[in-house]
2 protein chains.
Amino acid sequence: MAKPDSKTRLLDATLKLVRAKGYAATRVEDVCAEAGLTKGSFFHHFKSKDDLAQAAVAHWEAHTTGFFAEAPYHAGAGPLERLLGYVDFRKAILTGDLTEFTCFAGNIVQEAWRSHPQISGPLADNIVSHGKTLQADIEAAMIQYGVKADWTAESLALHIQAVVQGGFIMAKATGGAAAAAQSLDHLRRYLELTFKGE
Amino acid sequence: MAKPDSKTRLLDATLKLVRAKGYAATRVEDVCAEAGLTKGSFFHHFKSKDDLAQAAVAHWEAHTTGFFAEAPYHAGAGPLERLLGYVDFRKAILTGDLTEFTCFAGNIVQEAWRSHPQISGPLADNIVSHGKTLQADIEAAMIQYGVKADWTAESLALHIQAVVQGGFIMAKATGGAAAAAQSLDHLRRYLELTFKGE
DNA sequence: TGCACCATACCAACTAGTCGGTATGGTGGA
DNA sequence: TCCACCATACCGACTAGTTGGTATGGTGCA
């Protein structure tokens with residue numbers, strides 16, 4: 001595997017460091033060191049730290065979009081299978097260090113929602129729109145299983161994202177991925193109870 | 001209402017600003033300005049920014065402990081009523097600005113779990129132990145309703161916290177408390193389905 | 001008078017961003 | 001083939017501004 005080009009290395013370093021220390025606390029020199037470069041190179045590729053952040057947003061969007069598009073849960077036979085498959089998939093990828101499976105978007109939105117709206121805004125949209133990729137299957141499952149609800153498919157889609165994001169926080173709070181996994185188990189049970197009634 | 005003393009004002013300002021901008025991005029001068037004081041006063045009460053953070057942790061713990069101890073949900077007749085009452089209470093307090101009802105502990109744990117373990121550690125414990133205050137009622141409800149489960153009362157207690165924390169992130173992502181409220185609705189439905197079967 | 005409390009001025013360290021310069025490789029014309 | 005020319009990528013020392021923390025002195029109350 002060839003070493004990625006410098007710009008990509010800087011972006012990957014950013015994703016990693018921000019997830020570990022937050023945006024404000026990651027210095028551009030940290031990013032340079034992590035990428036094995038110097039500030040000269042950094043400011044050749046990005047005109048400011050904020051510019052880096054915006055590029056990292058695009059980098060993250062591209063990365064996650066492709067990652068979930070290729071995920072196996074889309075192959076599920078019916079809408080509910082795909083929905084449960086999504087939850088299983090989110091549980092399956094909870095491996096390695098917390099900085100690896102934790103959500104860059106969630107971190108930024110939590111930390112910088114008010115101080116850096118230009119950066120956190122697109123990431124907020126990213127979380128919401130990623131969640132809504134499940135909406136069609138939820139609607140289909142509601143019809144298929146005759147679920148009469150006082151809630152909307154959209155609200156359930158966002159609830160799933162809330163559990164995912166909350167799981168990450170609990171994982172940090174408990175120091176392990178197990179907390180996030182258990183929360184996804186509860187979410188899965190909720191979905192089964194809701195659609196299959198048991 | 002008498003104006004709180006300076007130290008308390010500094011601590012309250014810290015809680016507010018950290019929830020809005022994160023820990024690293026809130027400067028001590030911001031805290032002073034928010035409290036209507038200057039650095040002289042600040043460093044009279046705290047010997048460093050980290051010292052402030054540690055004091056803010058204690059301040060937060062004292063505040064939340066009292067706040068939830070006095071909450072009405074403890075008056076519920078049975079364990080399930082108290083559990084559902086807790087969820088209702090968490091939903092009821094989602095008023096005002098996001099900086100007011102959002103969780104200081106969750107913010108710090110998300111941002112500083114690795115960079116400032118001395119500060120985030122106690123707050124992580126705080127989230128977990130607060131969650132576990134529900135554990136006894138969950139266990140009692142499991143017995144009362146004859147719930148046979150492959151999950152533990154502790155895991156459900158932590159799941160509830162995950163939904164609460166995740167709801168805050170979704171509230172920031174969508175720009176309103178409604179997302180958090182809807183997530184709590186789904187959580188409530190899960191609890192009812194689990195214990196009452198419908 | 002003494003001390004808790006607070007303001008102003010200041011310092012030292014740190015960090016985002018700048019800038020002059022080097023290395024490498026591509027292109028086109030003689 | 002060779003060389004002038006140029007663009008891209010990169011380095012590392014330096015600058016300017018920020019920020020946590022200090023020093024000093026004033027004010028009001030016991």
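Here is how names work: the chains are called A, B, and so on, in the same order as the sequence lines, proteins then strands, and each is numbered from 1. Note that the coordinates shown come from a computational prediction; the quantities given were computed from them, not determined experimentally.
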Under the side-chain contact (heavy atoms from CB on, under 4.5 Å) test, residues paired with A:Glu154 that sit two or more places apart: A:Lys132, A:Gln135, A:Thr152, A:Leu158
For DNA chain D, report each stem as range with range, ordered by first number, or say none. Use Watson-Crick or G-U wobble pairs under 3.5 Å, at least 3 in a row. C:1-30 with D:1-30
What residues 15-22 of chain B contributes to the DNA chain D interface at heavy-atom separation below 4.0 Å is none
Mind checking whether A:Trp151 and B:Arg189 have side chains closer than 4.5 Å, heavy atoms only? yes
Least distance between heavy atoms, A:Ala13 atom then A:Glu34 atom: CB-CG, 3.4 Å
Residues at least two apart in sequence or cross-chain that pass side-chain contact (heavy atoms from CB on, under 4.5 Å) with A:Ala157, listed by chain then number, are A:Ile138
note: A:Phe42, atom CZ; C:dA16, atom P; distance rounded to Å ~ 8 Å
Rounded off to whole Å, could you give me the CZ-to-P distance for the A:Arg9 and D:dA9 pair? 13 Å
Quick one: side-chain contact (heavy atoms from CB on, under 4.5 Å) partners of B:Ala181, sequence neighbours excluded? B:Lys91, B:Leu94
Show each protein N/O and nucleotides 3-5 of chain C N/O combination with a separation under 3.5 Å, one pair to a line.
{"from": "C:dC5", "atom 1": "OP2", "to": "B:His44", "atom 2": "NE2", "distance (Å)": "3.2"}

Length of the CG-P vector between A:Leu37 and D:dT8, whole Å: 18 Å
Atom CZ of A:Phe46 to atom C1' of D:dA9: distance rounded to whole Å? 13 Å
Can you tell me the distance, in whole Å, between the CZ atom of A:Arg27 and the P atom of C:dG17? 14 Å
side-chain hydrogen bond (donor to acceptor under 3.5 Å, both in side chains) partners of B:Tyr86, counting only residues at least two apart: B:Arg90, B:His130, B:Gln161
Can you give one letter per nucleotide of nucleotides 22-30 of chain D, going 5' to 3': B for a protein heavy atom under 4.0 Å from the base, S for sugar-phosphate only, - for none? B--------
Proximity to the side chain of B:Ser48 - top-ranked nucleotide from C:dA16, D:dG21, D:dT19: D:dG21
Write out all pairs satisfying salt bridge (charged side-chain N to carboxylate O under 4.0 Å, His left out) with one or both partners inside residues 47-73 of chain B, taking only residues at least two apart or from two chains. none
Residues A:His116 and A:Tyr23: side-chain donor-acceptor under 3.5 angstrom: no
Could you tell me which non-hydrogen atom of B:Ser41 sits nearest to which non-hydrogen atom of B:Ser6, and how far apart they are? OG-CB, 4.3 Å
Side-chain heavy atoms under 4.5 Å apart, restricted to Ile/Leu/Val/Met/Phe/Trp/Tyr: what other residues fall into the cluster of B:Leu17, or is it alone? B:Leu10, B:Leu11, B:Val28, B:Val31, B:Leu37, B:Phe42, B:Phe43, B:Phe46, B:Leu52
So, using side-chain contact (heavy atoms from CB on, under 4.5 Å) as the criterion, who are the partners of B:Ala25 when residues are at least two apart? A:Ala24, B:Lys21
May I have the distance from A:Glu29 (atom CD) to D:dC14 (atom P), rounded to whole angstrom? 14 Å
Students often mix this up, so state it plainly: with edges at 30° and 60°, are the rings of B:Phe89 and B:Phe67 parallel, tilted or perpendicular? tilted
Which pairs pass salt bridge (charged side-chain N to carboxylate O under 4.0 Å, His left out) with one or both residues in residues 100-118 of chain B, sequence neighbours excluded? A:Asp97-B:Arg114
